[in-house]
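Just so it is clear, the values below take in all heavy atoms, side chains as well, and ignore hydrogens, waters and symmetry mates.
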Amino acid sequence: MLLLATPLSAAFAEQPKPVAPVGEHQRVLPLQGGQNFRDLGGYKTTSGRTVRWRVLYRSGSMHFLTPADYAFLEGLGIRTVCDFRDNLERKREPVTWPKSKAPRIFSDDYTLDSSGLFPASGGHQPPSKRAQLLPNFTRSCW
């Protein structure tokens, strides 16, 4: 998931700024029930600008967030969430934001189906065939 605490146009500093010294900003945030919740601040863009700290976040599963985690996230000012998970993932691990503090959530209904990427043959392909199929698989992901 991608979480945004401010309008996207404000997520990038106008002038390149040095990456914050270690300790000044915290990359991995201390959530009890969150997985891999990170501040994306400090990274350089291809245009030479720098992503601002405490504006743009990414996370793994948020299904097990605790009330303390939601309070912590509220303090970050999270206003928008882009949930890239497919229908099954969202159904299996829903994220239940407190209604009074819920950010805008954007998601797209789709079913992740990779069954057509590889021919049916009991799931086993010789190494030479797998090597031929891999470029098609990676191309379909992008």
Side-chain angles (χ1 to χ4, degrees), residues 1-125 127 129-142:
M1 281 186 240
L2 191 64
L3 298 93
L4 190 60
T6 191
L8 189 56
S9 60
F12 302 99
E14 290 302 316
Q15 299 294 324
K17 295 184 180 178
V19 175
V22 176
E24 186 175 333
H25 295 286
Q26 192 171 6
R27 175 76 59 208
V28 179
L29 302 178
L31 297 178
Q32 298 168 357
Q35 294 179 357
N36 201 14
F37 197 99
R38 296 175 181 265
D39 189 330
L40 296 178
Y43 289 116
K44 297 277 186 193
T45 67
T46 57
S47 65
R49 299 189 306 174
T50 304
V51 178
R52 292 185 188 192
W53 288 93
R54 293 182 292 277
V55 171
L56 188 62
Y57 304 90
R58 60 97 42 220
S59 78
S61 177
M62 296 175 62
H63 176 65
F64 298 104
L65 292 179
T66 66
D69 292 337
Y70 284 114
F72 180 82
L73 294 176
E74 180 186 344
L76 296 177
I78 302 293
R79 298 182 348 184
T80 305
V81 174
C82 299
D83 190 340
F84 298 115
R85 299 175 302 158
D86 72 6
N87 297 350
L88 181 60
E89 290 174 299
R90 289 196 319 268
K91 183 178 180 181
R92 208 177 0 201
E93 292 190 350
V95 179
T96 310
W97 292 88
K99 293 199 185 308
S100 62
K101 312 286 190 217
R104 287 186 306 168
I105 299 174
F106 294 94
S107 61
D108 196 9
D109 288 335
Y110 70 97
T111 302
L112 186 60
D113 180 11
S114 59
S115 62
L117 295 174
F118 297 101
S121 65
H124 300 288
Q125 295 289 331
K129 185 65 173 173
R130 283 188 298 227
Q132 292 172 352
L133 294 172
L134 188 58
N136 293 333
F137 173 75
T138 56
R139 233 180 278 121
S140 69
C141 293
W142 298 104

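Residues Val95 and His63 come closest through the heavy atom pair CG2-N, 4.2 Å. Taking all atoms of both residues into account, the shortest heavy-atom contact from Ser61 to Glu93 is OG-OE1, 2.8 Å. When all heavy atoms of Leu29 and Gln26 are compared, the pair lying nearest together is CD2-O, 3.5 Å. Residue Arg52 comes nearest to Asp39 through the heavy atom pair O-OD1, 4.3 Å, listed as atom of the first residue, atom of the second, then distance.
For the atom pair CZ of Phe106 and CZ of Phe84, the computed distance is 11.0 Å after rounding to the nearest 0.5 Å. Rounding to the nearest 0.5 Å places SG of Cys82 at 11.5 Å from CG of Asp108. Considering CD of Glu89 and OG of Ser107, their distance stands at 12.0 Å, rounded to 0.5 Å. Going from atom CZ of Arg38 over to atom CG of Leu56 covers 14.0 Å, rounded to the nearest 0.5 Å.
Arg27 places a side-chain N or O within donor-acceptor distance of the main-chain N or O of Gly41, the cut-off being under 3.5 Å.
The shortest distance between side-chain heavy atoms of Arg90 and Asp109 falls below 4.5 Å. For the pair Thr45 and Val51, the minimum side-chain heavy-atom distance is below 4.5 Å. At least one side-chain heavy atom of Leu73 sits less than 4.5 Å from a side-chain heavy atom of Met62. Residues Asp69 and Phe37 fail the side-chain proximity criterion, which asks for heavy atoms closer than 4.5 Å.
The side-chain contact (heavy atoms from CB on, under 4.5 Å) with Ile78 is formed by just one residue from the set Tyr70, Tyr57, Phe72; it is Tyr57.
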